Amino acid sequence: MSETATQTRSHNNYTEPAAANDIQQLSMQQALNRALDEVLAQNPKTVIFGEDCGRLGGVFRITDGLQAKHGEDRVFDTPLAESGILGMSVGLAMAGFHPIPEVQFDGFAYPAINQIVCQIARMNYRSRGTLPMPITLRVPSFGGIRAPEHHGESLEALFAHVPGLKVVSPSTPHDAYHLLKYAATRQDPVIFMEPKSRYWQKGPVDFTAAAPGAAAHDDEPTNHGSLTGARVAREGRHLTMVAWGAMVARCLQVAELAAEDGIDVEVLDLRWLKPIDAEALARSVGKTRRAVVVHEAPLTSGLGAEVAQLITQSCFATLKAPVERVTGFDVPYPSGDLEDEYIPNIDRILFGIQRVLEYRRG
Amino acid sequence: MAEISFPLPDLGEGLIEATVLEWLVEPGQQVERNQAIVELETTKSALELPSPQAGKVGRIHGAPGDTINVGEPLIVFEVPDDTAGIVGTVPKDEAPKRRVRLSAVLDED
């Protein structure tokens with residue numbers, strides 16, 4: 001790529017520090033790019049790498065312009081070998097670096113499962129805390145962009161099941177910016193699942209918002225309202241929809257349609273999928289007494305089951321109906337042409353709500 | 001605007017280069033996908049290369065008579081930022097459509 005190209009593409013890097021009351025309309029792609037830019041500037045131990053992350057700036061342009069600005073030693077391309085990308089992250093972390101590797105598409109995480117599960121997740125445990133793995137693995141996740149097979153998956157349950165990993169998925173540009181900066185400062189490995197179908201929609205990013213570390217170094221997502229826990233995306237009183245990533249926007253649409261029928265739906269954006277903010281679930285469903293959990297991943301052993309159990313644990317006595325799950329089907333995540341048949345659509349979610357509404361005991 | 005560079009592909013089986021005969025587009029021009037953009041000659045044949053995508057032509061590489069190696073830049077397209085993803089399609093924000101209506105008797109106890 002020529003110099004001209006580099007200059008042209010570095011338009012969305014930001015150098016100016018956030019001023020007071022600094023709220024900007026950014027896409028999630030821009031917000032993530034800015035977060036990475038700031039993390040690189042703030043922590044000299046941060047390195048960013050992956051397939052096409054360097055010169056090209058990433059296939060989704062999340063690392064756009066960062067190599068030109070921060071140098072080829074800190075933002076660089078790797079061979080097409082995910083096991084190598086994540087294996088190198090282990091070594092870098094052991095040597096004191098804070099790697100932010102990217103797996104170009106979620107389906108390409110499979111070749112690196114050994115490094116993620118057997119090394120990254122366990123090294124701190126194995127070394128009695130002497131070799132923490134401050135790795136933030138960025139994974140463009142979920143479907144919705146009509147991509148070929150392996151370019152759309154929903155792997156949260158797989159990652160969440162592995163002790164030692166934290167899993168988070170933002171649904172808005174604001175959360176993407178703050179959660180990525182937060183994840184990058186953790187001593188534990190974080191799987192950062194970016195909803196790729198939401199990269200381009202703009203939303204307000206409040207750069208003056210209190211850092212999620214209002215809870216300082218508290219890793220547990222119990223601090224209601226901060227970025228370390230779940231977020232009430234819409235308040236309601238009849239039913240709680242629980243979602244994360246790209247499904248949050250869809251659930252908000254459904255909530256508007258339900259309102260037309262007189263049903264007041266609360267939407268809880270879980271954000272953290274490991275650990276899950278059980279208190280937020282209890283608080284919301286304790287109020288609404290009905291719950292539907294929505295995810296793109298297949299039904300069986302999906303994270304919806306975990307959410308349903310957590311709700312049942314805290315709200316069993318007052319629940320009006322069993323927790324309903326509206327999910328993908330128990331088939332491989334399909335390629336683009338079949339996406340609309342697979343991803344929970346508005347009518348399927350409305351049916352799920354209806355099943356909960358009409359449930360009667362006995 | 002973002003730029004997408006298209007390198008010269010292998011136009012046969014194991015060819016390593018091609019010679020530019022004539023450019024059929026010029027910088028600034030809007031092209032459609034599959035529109036012929038350049039005439040090339042290889043050791044096997046002469047051919048017209050179709051555009052791999054729609055977009056505005058940013059730069060072209062090689063004057064008539066120049067030889068370009070496979071993998072080197074041939075043409076650079078300028079595309080709007082929001083369509084600059086390389087795999088997949090930017091989803092459109094559409095007004096939600098529904099067929100299912102909700103009905104419930106809510107006892108507010």
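This structure is a prediction, so every number in the text was calculated from the model and none was measured. Residue numbers begin at 1 in each chain, while the letters A, B, ... track the order of the sequences.
Between A:Asp64 and A:Lys69 there is no salt bridge, since no side-chain nitrogen of the basic residue lies less than 4.0 Å from a carboxylate oxygen of the acidic one. Ionic pairing of A:Glu266 and A:Arg234 is not present here: no N-O contact between side-chain nitrogen and carboxylate oxygen is shorter than 4.0 angstrom. Ion pairing between a basic and an acidic side chain is recognised when a charged N comes within 4.0 Å of a carboxylate O; B:Arg98 and A:Asp261 show such pairing.
In plain terms, the two heavy atoms of A:Ser197 and A:Ile145 that are nearest each other are CA-CG2, 3.8 Å.
Contact annotation for A:Ile263: only side-chain heavy atoms (C-beta onward) come within less than 4.5 Å of a heavy atom of chain B. Residue contact with chain B, scored on non-hydrogen atoms closer than 4.5 Å, is absent for A:Gln104.
Inspection of non-hydrogen atoms places A:Ile346, A:Asp347, A:Leu350, A:Phe351, A:Ile353, A:Gln354, A:Leu357 of residues 342-358 of chain A under 4.5 Å from chain B.
A heavy-atom distance below 4.5 Å is found between the side chains of A:Val265 and A:Met241.
The aromatic rings of A:Phe60 and A:Tyr199 lie tilted to each other, with the angle between the two planes from 30° to 60°.
Side chain of A:Asp106 to backbone of A:Glu153: a donor-acceptor contact under 3.5 angstrom is found.
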